[in-house]
Amino acid sequence: TAKRHRQEGTSRLLYDVFPRHIADALAEGRKVEPESKEVVTIFFSDIVGFTSISSTVPPEKVSQMLDRLYTQFDALSREHGVFKVET
């Protein structure tokens with residue numbers, strides 16, 4: 001049903017945006033207590049020349065390139081225990 005589809009999308013978004021323990025609490029309707037961290041790093045990335053690349057390469061190739069890039073980035077994030085937020 002449409003309602004179930006929306007709920008699944010909302011749940012997926014929670015887990016994409018928040019660390020698992022926070023997403024779990026929100027999904028269960030529990031209060032989320034503030035946390036503090038000693039060290040936080042914010043990393044912004046950009047693919048130099050992406051507009052040029054995507055305008056000259058078939059969409060399937062662009063998708064494959066992005067998939068390879070983000071698969072490697074995800075593996076490195078897991079390896080180093082990094083929580084990432086994609087925007």
Side-chain angles (χ1 to χ4, degrees):
T1 67
K3 182 179 178 181
R4 182 174 177 212
H5 183 70
R6 279 193 310 274
Q7 289 173 332
E8 288 172 357
T10 300
S11 178
R12 197 174 23 232
L13 180 61
L14 276 176
Y15 287 91
D16 284 347
V17 174
F18 297 107
R20 176 169 294 284
H21 69 284
I22 293 175
D24 287 342
L26 292 171
E28 295 167 7
R30 291 185 282 126
K31 182 178 178 183
V32 177
E33 295 296 329
E35 297 178 10
S36 84
K37 304 289 182 188
E38 293 269 333
V39 177
V40 175
T41 300
I42 299 175
F43 172 75
F44 294 95
S45 66
D46 185 28
I47 301 172
V48 175
F50 182 77
T51 302
S52 298
I53 293 168
S54 62
S55 68
T56 59
V57 175
E60 296 82 15
K61 294 288 186 188
V62 173
S63 180
Q64 291 168 355
M65 177 190 74
L66 291 172
D67 183 57
R68 285 191 309 271
L69 176 69
Y70 285 105
T71 296
Q72 290 178 346
F73 190 72
D74 290 346
L76 285 169
S77 296
R78 281 190 303 276
E79 179 182 332
H80 295 284
V82 172
F83 175 75
K84 63 185 183 64
V85 175
E86 298 176 24
T87 59

| query | If two hydrophobic side chains count as joined below 4.5 Å and joins carry through other members, does Val82 share a cluster with Tyr15? | reply | no
| Can Leu26 be reached from Val17 by stepping across I, L, V, M, F, W or Y side chains whose heavy atoms are under 4.5 Å apart? |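 Per the 4.5 Å side-chain linkage, Val17 and Leu26 are co-clustered.
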| said: Rounded to the nearest 0.5 Å, what separates atom CG in Asp74 from atom CG in Leu69? | reply: 9.5 Å
| Is Gln64 close to Arg68 at the side-chain level, that is, under 4.5 Å between some pair of heavy atoms? |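 Contact flag for Arg68/Gln64 side chains = yes.
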| message | For a 4.5 angstrom cut-off between non-hydrogen side-chain atoms, does Arg30 reach Asp24? | response | yes
Atom pairs and distances, donor-acceptor, side-chain atoms in residues 46-58, under 3.5 Å, two or more places apart:
from: Ser54; atom 1: OG; to: Phe50; atom 2: O; distance (Å): 2.9
from: Ser54; atom 1: OG; to: Thr51; atom 2: O; distance (Å): 3.2
from: Ser55; atom 1: OG; to: Thr51; atom 2: O; distance (Å): 3.2
from: Ser55; atom 1: OG; to: Ser52; atom 2: O; distance (Å): 2.9
from: Thr56; atom 1: OG1; to: Ser52; atom 2: O; distance (Å): 3.1
from: Thr56; atom 1: OG1; to: Ile53; atom 2: O; distance (Å): 3.2

